[in-house]
Amino acid sequence: MSREYILKPFHSGVHLQIDYARELNPQQLAAVTAPPGPALVIAGAGSGKTRTLTYRVAYLLEQGIPADRILLLTFTNKAAGEMMRRVAELLGQELASLWGGTFHSIGNRVLRQHARVLGFERDFSIMDREDAKHLIATCVAESEIDVKATRFPKAEVLGDIFSLAVNTHKPIPEILGTEYGYFDHLAPQIEDVQQRYASRKRATNAMDFDDLLVLWLKLLREHADVREHYQRRFQFILVDEYQDTNKLQSDLIDLLAERHHNVMVVGDDAQSIYAWRGANFQNILKFPERYPKAKVYKIETNYRSTPEILTVANAAIAGNVHQFAKELAPARKSGAKPVQVACGDASQQAAFVAQRVLELREEGMDLNKMAVLYRSHFHALELQLELTRRNIPFSITSGIRFFEQAHIKDATAYLKLVTNPRDELSFKRLVQLLPGVGGKGADKLWKTFEPQIRNPKSEVRHSLATHLQKCSAAVPKKATLAWAQFSATVSQLEEKPVRNSAAKMIQLVIEAGYDDYLKQNYTNYRSRLDDLKQLAIFAQQFESVEEFLTQMALLTNVEAEVEQPASRDEERLRLSTIHQAKGLEFDVVFIIMLCDGLFPSARSIENDDLEAVEEERRLFYVAVTRARNELYLCYPLIRAGYGNSGVTMQQPSRFLEEIPNELVDEWNLRTFA
């Protein structure tokens, strides 16, 4: 009979170089010096999460744990590098053997060692999004699906569907049902393309980004020797931003920790805001269920914000049923109460923000230390216009600039072409939206179309649509039907009631087929459609289409200027979506458009979806906790409606109503006569 005999490593008495009790507060110290075993560290906003993780790594090393037995998983290479650098500084030595990095970088490192058992060579290539898109397009072509007849999703959309499926461990039909209902009927064909894509990757010795996790998990599950090797190796596993992990990442952590159970996950359930890209809030919430012996450590001392802002933050998140109860406690002295501002409409809201920013600037506040945060891109349209009028420099960190997004440029290209038929760029942009028309085809069509527009001999001034119809002989067969639709849309845009209103023109573009184009080409179809509808609402304030296009051009050029390298050192007000601002902090924060249906979003409240509303509330909490000294909560009382719905009264956000009146000062705006 054989039995296992555990050989315990011998270490001489540990001499701690670092005075942990002096460097850390009591809550941080408890987490850093936690005994072996599973641990969940709930680190509130501004509580020193990175500091806690850094000192935990140092503590383990000082306890005699070899660096190569520690695995530190983060979400960005920058975070991993920063922690490794800080630990090296604390201990006065480099840590080349410590395994630290993103999930994907560690997955790559493991797979390079064991690729062959999965049918790959060690020199496999990693495809970027563009490479993956081309390979998926090849698979679609091979499958002989009539993409024209079925309005089949484009390769980029398919890539996102595949990615969401593997990261959430859900089958394609389920993903389609919940996220892409308009492609439900295509589930068998999409699954077929996914299988072809997987075969193609193996045949070409290539992996996409998701494979670095998918195949890493497959390797551990299906190969006991490899699994045991890494389970033995990683005696201590530390995970940063655990609230942002998806099902796939959670399964990887659980499998790696199965032997020693020395897994410490650090995060804040109140800042879990990425469900839309696959993050699973249940991972952090149910950690104590999966690890019954887990100890929970709470770090609640906030070093960022004033007590008044923290009181509002605590009230803001209190409404969530599913959470680890915690109370952020201030480390700073008292400051000004947060301010709640009811504005007449979105333009007055923009005027208030602009004026208050200038007042704070006069008081000596740097523009770089102020930020305006919002739920969605389109919430800042009026504000961008107002800041431009007042010559207040600003930068936008909401991903791609609003007016530079493809769907916004597509829609406005229709308006530009109807207004100026000689606009070659707009013509070519629009015809390239048609099936089978590329750069060369667009150039050929322009050479057919342009002479008709500038022909001075024509006695009768034909409509733009008529000129388009005359070009139909030069249109590729694939695009014949689409060209007829394009001409019909332009004809409708040229009719007087529509032609005189930028808002009506944008609305018609959406309804005349661009809606379907969005579904086929973009994964975030709904948010792009929202953008276009809000652009139509925004356009209502302009007296003519020409004025609207002029202001759009001015805004786009101003936005482009702020990103020039020479301007980097200049002061600029920061405009950002809340998702983009996570992890940042500012002396002054304005949160705008706090109306039900805008924040929280209409989609989150329309079906009484508790989970969706709770995620929106967490997003609001993240926004509030970005502020250090001053916080302004703004909302318009009325807002223009889409289409023919006219002006609508706005209901203040339910999140504002959850904050007791005594915690905020109310400012009533009055226009100076």
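If you're wondering where the values come from, they're calculated on a predicted model, not measured in any experiment. These numbers come from the heavy atoms of this one structure, side chains and all, not from hydrogens, waters or symmetry mates.
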Looking only at non-hydrogen atoms, find the nearest pair between V263 and A257 and report the distance.
-> CB-CB, 3.9 Å
Is it the case that more than 12 heavy atoms not belonging to E657 sit under 6.0 Å from its CD atom?
-> yes
For atom NZ of K369, decide whether the heavy atoms of other residues, nucleotides or ligands shown that lie under 6.0 angstrom number more than 12.
-> no
Smallest separation among heavy atoms of L61 and P66, with atom names = CD2-C, 4.3 Å
Say you draw a straight line from CG of L217 to CG of D211; how long is it, rounded to the nearest 0.5 Å?
-> 12.0 Å
Is any side-chain heavy atom of F103 closer than 4.5 Å to a side-chain heavy atom of T245?
-> yes
E89 and R85 ion-paired at < 4.0 Å = yes
Reported OH-to-CD1 distance for the pair Y621 and I578, which is rounded to 0.5 angstrom = 14.0 Å
Please report the closest heavy-atom contact between L373 and A581, naming both atoms and the distance.
-> CD2-CB, 3.8 Å
Is the backbone of L285 close enough, under 3.5 Å, to the side chain of D269 for a donor and an acceptor to pair up by distance?
-> no
Could you walk me through whether R233 and R69 pass side chain to side chain contact (heavy atoms under 4.5 Å, CB included), step by step?
-> CA-CA 6 Å; R233 175 171 198 138; R69 302 296 188 197; 3.7 Å; yes
Can you tell me how far the CD1 atom of I175 sits from the OG1 atom of T168, to the nearest 0.5 Å?
-> 3.5 Å
Under 3.5 Å donor-acceptor, N368 side chain and R572 backbone | yes
Atom CD of E359: over 12 foreign heavy atoms under 6.0 Å | yes
Indicate whether the side chain of Q27 and that of E300 have a donor and an acceptor atom separated by less than 3.5 Å.
-> yes
Look at the side chain of E258 and the backbone N and O of L255, then say whether any donor-acceptor pair between them is shorter than 3.5 Å.
-> no
For H104, side-chain hydrogen bond (donor to acceptor under 3.5 Å, both in side chains) partners two or more places apart = none
Check whether any side-chain N or O of E615 sits under 3.5 Å from a backbone N or O of Y274 as a donor-acceptor pair, and report yes or no.
-> yes
Exam field: side chain S305 to backbone A627, donor-acceptor pair closer than 3.5 Å = yes
Would you call K49-D268 a salt bridge at under 4.0 Å N-O?
-> no
Is any side-chain heavy atom of L575 closer than 4.5 Å to a side-chain heavy atom of Y374?
-> yes
For residues T178 and K170, determine if any side-chain heavy atom of one lies less than 4.5 Å from a side-chain heavy atom of the other.
-> no
Flag if over 12 foreign heavy atoms under 6.0 Å of OH, Y291 = yes
Keeping the roles fixed (side chain from R290, backbone from N283), state whether a donor-acceptor pair exists under 3.5 Å.
-> yes
Just by distance, do the side chain of Q349 and the backbone of M593 share a donor-acceptor pair under 3.5 Å?
-> yes
Is a side-chain N or O of S653 found less than 3.5 angstrom from the main chain of F599, in a donor-acceptor match?
-> yes
Quick one: are R51 and N25 in side-chain contact, heavy atoms under 4.5 Å?
-> no
Using a 4.5 Å cut-off on heavy atoms from C-beta on, say whether the side chain of K337 contacts that of T311.
-> no
So, does K298 use its side chain to make a donor-acceptor pair with the main chain of G44 at under 3.5 Å?
-> no
Other residues, nucleotides, ligands: >12 heavy atoms within 6.0 Å of K326 NZ | yes
Go through the structure and list residues passing side-chain contact (heavy atoms from CB on, under 4.5 Å) with N320, not counting sequence neighbours.
-> I317, Q323, E614, R617, R618
Output the distance between atom CG (L252) and atom NZ (K247), rounded to the nearest 0.5 Å.
-> 10.5 Å
How far apart are the closest heavy atoms of A279 and D244, and which atoms are they?
-> CB-O, 3.6 Å
Distance-only polar pair, side chains of S334 and E308, donor-acceptor under 3.5 Å = yes
What heavy-atom pair brings S47 and Y303 nearest, and what distance separates the two atoms?
-> O-CE1, 4.1 Å
Salt bridge check: are K582 and E241 linked by an N-O gap of less than 4.0 Å?
-> yes
Would you indicate whether D225, at its atom CG, is surrounded by more than 12 heavy atoms from other residues, nucleotides or ligands within a distance under 6.0 Å?
-> yes
Starting at CD1 of I65, measure out to CG of N262 and round the result to the nearest 0.5 Å.
-> 8.0 Å
Any side-chain heavy atom of F236 sitting closer than 4.5 Å to one from P36?
-> yes
Beyond-backbone contact of Q28 with Y55, side-chain heavy atoms, under 4.5 angstrom | no
List the steps and the verdict of side chain to side chain contact (heavy atoms under 4.5 Å, CB included) for W99 and Y230.
-> CA-CA 12 Å; W99 282 54; Y230 287 104; 4.1 Å; yes
Aromatic plane relationship, F590 with Y632 - under 30° parallel, 30 to 60° tilted, over 60° perpendicular | parallel
Candidate list I299, V266, I284, test side-chain contact (heavy atoms from CB on, under 4.5 Å), partner I42, passing option = I284
At what distance, to the nearest 0.5 angstrom, does CG of N302 lie from OG1 of T625?
-> 8.0 Å
Of all heavy-atom pairs linking R227 and R221, the shortest is NH1-O, 3.2 Å
Trace of the side chain to side chain contact (heavy atoms under 4.5 Å, CB included) decision for L238 with L60 | CA-CA 11 Å; L238 297 95; L60 291 175; 4.0 Å; yes
Check: R112 side chain, F124 main-chain N or O, donor-acceptor pair, under 3.5 Å = yes
Derivation and outcome, side chain to side chain contact (heavy atoms under 4.5 Å, CB included), residues S601 and E616 | CA-CA 8 Å; S601 69; E616 293 280 306; 3.8 Å; yes
Electrostatic pair E585-R628, nearest N-O below 4.0 angstrom = yes
If you draw the axis of the six-membered ring of F586, does the NZ or CZ of R304 fall within 45° of it and under 6.0 Å from the ring centre?
-> no
Do R654 and I605 come within less than 4.5 Å of each other through their side chains, counting heavy atoms only?
-> yes
